[in-house]
Every structure is written in C-alpha cells, then in structure tokens.
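Below you'll find the structure, written out as structure tokens, and then a few comments.
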Amino acid sequence: MPNMYESAGYETYGEAAFPNGVEAQLPAEGTVPRGFVPFDIENSTEGYALAKETLKSPLDSTQVDFVRGKELYDIYCGICHGTKGNGQGNLVKREKILGIPSYDDAGRAINEGSIYHTIYYGKNAMGSYANQLNEEERWQVVSYVLQLKADLEK
C-alpha cells in the first residue's frame with residue numbers, strides 16, 4: 001500500500017478528481033459553519049432601526065467583562081473612535097479619516113442594538129467586523145462602548 005506512505009499532493013487551484021476540476025470546493029449548500037449564529041436582521045436602514053428598537057444583549061451583568069471588552073475595543077475600534085470614544089483615534093488625529101463622531105453626540109442616540117448592528121454590518125465608512133469578532137465578543141464590545149458613552153456623558 002505505497003499510497004498510504006506517499007500520498008499525492010494536490011494544489012489548491014490545480015487539477016483534481018472533482019467534477020469541476022478544482023481542488024478548492026465551496027461548502028455544501030445550506031451548511032452552517034461550526035460556531036456560527038445567523039443574524040436575522042437585514043443590512044438596511046430599516047434593519048438598523050429594527051435592531052435599535054428590539055435587539056438586546058444576551059449577556060447578563062455577570063457575563064459582561066469590561067476588561068476583555070476594552071482589549072477588543074482597543075484592537076478593533078480605538079484606532080478610529082479613540083480610546084475614550086470621543087472620535088479622536090490615531091487615524092483621525094493623523095487626518096487619514098475624517099468625521100468620526102463622539103459616542104455622546106446628541107444626534108447619535110446609540111444603544112446596544114444599534115451598536116451591535118453597526119459592528120455586524122458596518123455603517124458609512126466603517127466596515128463590518130463580523131468576521132473579526134464572534135457573537136460573544138461583539139456583545140462585550142457593545143457593553144464597553146455603552147460604558148464609554150456613559151463616561152462621556154458625565
């Protein structure tokens with residue numbers, strides 16, 4: 001059984017034994033990746049409004065970890081939004097991007113549902129972070145953003 005010891009290697013986009021002739025295959029239709037939780041609110045203005053009205057954090061007060069939320073926020077959000085949530089991150093200070101509002105701006109009226117929707121889909125110039133943060137991590141960041149907002153409003 002020499003094939004057991006000397007297996008044939010296939011190149012990702014090379015010829016293969018599959019019907020379409022490509023080794024890299026798409027997942028079977030209808031499959032869900034392990035650990036993935038679908039988000040049923042659509043990426044639209046109406047979806048944003050719905051999330052703002054109805055979406056609540058599944059984390060209770062014992063599950064919220066502000067230290068972890070801060071770490072994730074500093075990695076993914078702080079570069080633009082600033083470490084205090086005032087819209088003065090390093091990219092804004094260096095004028096690489098403009099127009100990042102502070103979390104306490106009166107016209108924003110953000111809440112946990114709107115923050116989660118924005119992290120999941122992105123908004124305006126901000127892209128989606130759904131691939132970088134899993135569901136629990138997104139809710140940790142939401143909790144931390146709400147804490148930053150409360151600190152700014154004092």
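For reference, positions follow the sequence shown, starting with 1.
- Here the straight-line distance linking atom OG of S57 with atom CD of Q63 works out to 8.0 Å at 0.5 Å rounding.
- In this structure, N111 contributes its side chain and K52 its backbone to a donor-acceptor pair below 3.5 Å.
- At least one donor-acceptor pair under 3.5 Å links the side chain of D65 to the backbone N or O of V67.
- The ring pair (Phe, Tyr, Trp, His ring centres under 6.0 Å) contacts involving residues 130-154 comprise Y73-Y144, Y116-W139, where partners must be two or more places apart or lie in separate chains.
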Sequence neighbours excluded and cut-off under 3.5 Å, please list the side-chain donor-acceptor pairs for residues 26-44, or say none.
from, atom 1, to, atom 2, distance (Å)
T31, OG1, A28, O, 2.8
E42, OE2, S44, OG, 2.8
S44, OG, E46, N, 3.4
S44, OG, E46, OE1, 3.4
S44, OG, G47, N, 3.0

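- For the pair A130 and R138, the tightest heavy-atom approach, listed with the atom from each and the gap, is O-NH1, 3.1 Å.
- The two residues E137 and Q132 make their nearest non-hydrogen contact at OE1-O, 3.9 Å.
- Residues that satisfy the side chain to side chain donor-acceptor pair (under 3.5 Å) test with N131, not counting sequence neighbours, are absent from this structure.
- Rounded to the nearest 0.5 angstrom, S143 OG and R68 CZ are separated by 11.5 Å.
- In this structure, the side chains of V92 and I97 come closer than 4.5 Å at one or more pairs of heavy atoms.
- Side-chain contact between V145 and I110 is present, with at least one heavy-atom pair separated by less than 4.5 Å.
- E153 places no side-chain N or O within 3.5 Å of a backbone atom of A150 that could act as its donor or acceptor partner.
- Under a hydrophobic clustering in which Ile, Leu, Val, Met, Phe, Trp and Tyr are joined whenever their side-chain heavy atoms come within less than 4.5 Å, directly or via other members, L50 and I115 fall into the same cluster.
- Residue V64 is grouped with residue Y103 when hydrophobic side chains (ILVMFWY) are merged at heavy-atom distances under 4.5 angstrom, including chains of intermediate members.
- The nearest pair of heavy atoms linking K56 to E53 is NZ-O, 4.4 Å.
- Hydrophobic clustering places Y129 together with L55 (ILVMFWY residues linked when any side-chain heavy atoms are closer than 4.5 Å, directly or through intermediates).
- Contact of the S102 side chain with the L152 side chain is registered, since non-hydrogen atoms from C-beta on lie closer than 4.5 Å.
- Between K93 and Q88, the closest heavy-atom pair is CE-O, 3.1 Å.
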Quiz item: Given D151 and K84, is the side-chain contact (heavy atoms from CB on, under 4.5 Å) satisfied, shown in steps?
Solution: CA-CA 8 Å; D151 291 347; K84 296 179 181 172; over 6 Å; no
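- V141 and L59 fall within the same hydrophobic cluster, defined by Ile, Leu, Val, Met, Phe, Trp and Tyr side-chain heavy atoms under 4.5 Å apart, directly or through other members.
- Note that the CG atom of L133 and the SG atom of C77 stand 7.0 Å from one another [nearest 0.5 Å].
- Of all heavy-atom pairs spanning C80 and I100, the tightest one is O-CG2, 3.7 Å.
- Y76 and M126 fall within a single hydrophobic cluster, where Ile, Leu, Val, Met, Phe, Trp and Tyr are joined by side-chain heavy atoms under 4.5 Å apart, directly or via other members.
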